[in-house]
Amino acid sequence: MKPIEDIKPLLESSPKKVVITMHQKPDADAMGSSLALYHYLIQKGHDVTVISPTNFPDFLKWMPSSELVLDFESMHEKSMAALQHVDLLFCLDFNHMGRTKNMAPILEDLKAVKILIDHHLEPQPSFDYGVSDTTAAATAQLIFETIVKLGDTDLINEAIAQCLYAGTMTDTGSFRFASTSARVHRMIADLMDKGLKHEIIHQNIYDNFLENRLRFIGHSLLNRMDVFYEYNTAVMAIPYTDLKKFDLQTGDTEGLVNFLLSIQGIKLAALIIDRNVEVKLSFRSKGNFDVNTFARKYFEGGGHFNASGGRSSDSLEVTFNRFVKAIEENEDALQ
């Protein structure tokens, strides 16, 4: 994979047909990175389409030009038309095509130049250009740094700044995670120097839910939480009936796992949700417990050292029991 800055001649020549895509069920970093890149590339004169493999949360729909994003599942024909004769394919906030769900085989077969911008571990070796930096706090941070490397800092406008801030703020847990480096703060300072109004973005993301989500969180904390103090672990197992009862939408469970880490002494937090099609798992950890390795070993997943996810084709009950067995096997590492 050639360095990301080597794409400069591709962007400076005649206008290209570009598709930007992200992982399924995109979060603020995936969507923010993609839309920031979109606003950058259209200023360069390119024909750009952003495609999400699935739908995305309502609380991200304030992002500039989010209404232009194609949902591959519900807007299949438009998405397929956009993927015809693509020159450049940008893959953001994921590093394995499998993370794009039903888009994966189509993306694999594309003859386009494939460009990776991502911060997760163990990238798939199928990209022509890119940056894979696991020290970066967010893919949004890498978009910012890429624009700087390409000599286009002056093109960072209000729309780009808003999208980059949203992605970085959420992936750093509002700048409290260990990944929040001086490098991150320098970027945010640069964006604020360009006129970024950060408080509105925070409100749009964190103060924009319906009443039912808050009632769901209260129900989950009261009735679905188990704490294994002997393993410094807390877990919530959410049945599909809860999702239906509280009429949850995409994104409504975002951040729920972080509540568990607020318990004194907890090093590993897990959220296990029955999505009806499969069981999804989210892991967060403090200190030196590697949830990336944990997720890969036990639940077909992966991600970052202190934040990762996984899946299970077993029932919620069986998956929960598998999780308990896994933390028992990792007792020493969790002390």
Side-chain angles (χ1 to χ4, degrees), residues 1-24 26 29-54 65 68-72 75-134 136 138-153 155-156 160 163-164 167:
M1 186 170 67
K2 298 176 184 176
I4 188 67
E5 54 266 33
D6 286 1
I7 67 171
K8 187 176 179 68
L10 299 177
L11 300 182
E12 300 296 340
S13 56
S14 58
K16 300 291 191 300
K17 187 175 182 183
V18 179
V19 166
I20 300 168
T21 193
M22 62 204 83
H23 58 76
Q24 63 172 314
D29 190 26
M31 188 60 67
S33 300
S34 298
L35 287 172
L37 184 61
Y38 166 84
H39 284 284
Y40 166 66
L41 291 175
I42 60 173
Q43 291 183 78
K44 304 285 284 185
H46 300 291
D47 176 9
V48 187
T49 303
V50 181
I51 304 177
S52 171
T54 61
S65 298
L68 301 178
V69 177
L70 300 182
D71 174 351
F72 184 79
M75 307 171 77
H76 186 75
E77 287 188 15
K78 284 187 177 180
S79 299
M80 290 302 294
L83 287 165
Q84 295 295 314
H85 311 298
V86 172
D87 299 307
L88 305 176
L89 174 70
F90 283 88
C91 299
L92 306 188
D93 204 37
F94 71 94
N95 59 19
H96 194 286
M97 294 302 183
R99 294 281 283 123
T100 62
K101 202 176 179 182
N102 295 328
M103 286 182 69
I106 297 162
L107 299 183
E108 292 277 13
D109 290 340
L110 281 183
K111 303 304 180 188
V113 173
K114 297 182 176 76
I115 303 161
L116 173 70
I117 303 178
D118 181 60
H119 66 137
H120 295 88
L121 295 163
E122 302 181 34
Q124 181 180 1
S126 59
F127 299 95
D128 302 296
Y129 297 86
V131 53
S132 176
D133 183 357
T134 59
T139 297
Q141 177 187 343
L142 296 174
I143 295 294
F144 172 83
E145 293 173 356
T146 295
I147 295 173
V148 172
K149 284 179 181 178
L150 294 173
D152 288 327
T153 308
L155 295 184
I156 297 178
I160 293 175
C163 293
L164 294 179

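All residue numbers in this chain count up from 1 along the given sequence. Note that this is a predicted model, so its numbers are computed, not measured.
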task = Could you grab the distance from atom CZ of F127 to atom CZ of F90, nearest 0.5 Å is fine?
result = 12.5 Å
task = Could you please spell out the steps behind the side-chain contact (heavy atoms from CB on, under 4.5 Å) verdict for Y40 and H46?
result = CA-CA 9 Å; Y40 166 66; H46 300 291; over 6 Å; no
ask   = Can you tell me how far CE of M97 sits from CG of L89, rounded to the nearest 0.5 angstrom?
value = 6.0 Å
task = Mind listing the closest non-hydrogen atom pair of P26 and M31 along with its distance?
result = CG-CE, 3.9 Å
ask   = Between L41 and V48, what is the shortest heavy-atom contact and its length?
value = CB-CG2, 3.7 Å
query = Side-chain contact, heavy-atom cut-off 4.5 Å: P53 with M22?
reply = yes
ask   = Is there a donor-acceptor pair under 3.5 Å between the side chain of D87 and the backbone N or O of K17?
value = yes
request  = Sort out for me which residue in L150, I143, V148 forms a side-chain contact (heavy atoms from CB on, under 4.5 Å) with T146.
outcome  = L150
ask   = Quick check: does any side chain N or O of D93 sit under 3.5 Å from a backbone N or O of H23, one acting as donor and the other as acceptor?
value = no
ask   = For the side chain of D47 and the backbone of P15, is there at least one donor-acceptor N/O pair under 3.5 Å apart?
value = no
request  = May I have the step-by-step check of side-chain contact (heavy atoms from CB on, under 4.5 Å) for S65 and H39, ending in yes or no?
outcome  = CA-CA 9 Å; S65 298; H39 284 284; 3.1 Å; yes
task = Output yes when a side-chain donor or acceptor of T21 lies under 3.5 Å from a complementary backbone atom of I51, and no otherwise.
result = yes
request  = Would you please test T49 and V86 for side-chain contact (heavy atoms from CB on, under 4.5 Å) and show each step?
outcome  = CA-CA 10 Å; T49 303; V86 172; over 6 Å; no
remark   = side chain to side chain donor-acceptor pair (under 3.5 Å) test vs D152 passes for just one of K44, K8, Q43, namely K44
query = At what distance, to the nearest 0.5 angstrom, does CD1 of I115 lie from CG of L11?
reply = 7.0 Å
request  = Report yes if some heavy atom in the side chain of P3 is under 4.5 Å from a heavy atom in the side chain of K149; otherwise report no.
outcome  = no
note = Which of L142, T139, L92 passes side-chain contact (heavy atoms from CB on, under 4.5 Å) with D118? Answer is T139
remark   = Shortest non-hydrogen pair, D71 vs T54, comes out as OD1-C, 3.3 Å
query = At their closest point, which heavy atom of E108 faces which heavy atom of K114, and how far apart are they?
reply = O-NZ, 3.7 Å
key: Between CD1 on residue I117 and CG on residue N95, distance to nearest 0.5 Å   = 13.0 Å
note = Closest non-hydrogen atoms of A30 and S34, given as atom of the first, atom of the second and distance, are O-OG, 2.8 Å
query = From L37 CG over to I147 CD1, what is the distance, rounded to the nearest 0.5 angstrom?
reply = 7.0 Å
query = If you count the non-hydrogen atoms of other residues, nucleotides and ligands that lie under 6.0 Å from CD in E77, is the total more than 12?
reply = no
query = What are the two closest non-hydrogen atoms of L70 and S79, and how far apart are they?
reply = CB-OG, 3.7 Å
message = Are E5 and Y129 packed together at the side-chain level, in the sense that at least one heavy-atom pair is separated by less than 4.5 angstrom?
response = no
query = Has the side chain of K78 got a donor or acceptor atom that lies under 3.5 Å from a matching backbone atom of H76?
reply = no
request  = Apply the test side-chain contact (heavy atoms from CB on, under 4.5 Å) to residues L83 and L107: give CA-CA distance (whole Å), side-chain angles for both, the deciding distance (0.1 Å), then the verdict.
outcome  = CA-CA 9 Å; L83 287 165; L107 299 183; 4.2 Å; yes
query = Out of curiosity, D6 CG to D128 CG, how far, rounded to the nearest 0.5 Å?
reply = 11.5 Å
request  = Could you check R99, H120, Q24, Q124 and say which one makes a side-chain contact (heavy atoms from CB on, under 4.5 Å) with F94?
outcome  = R99
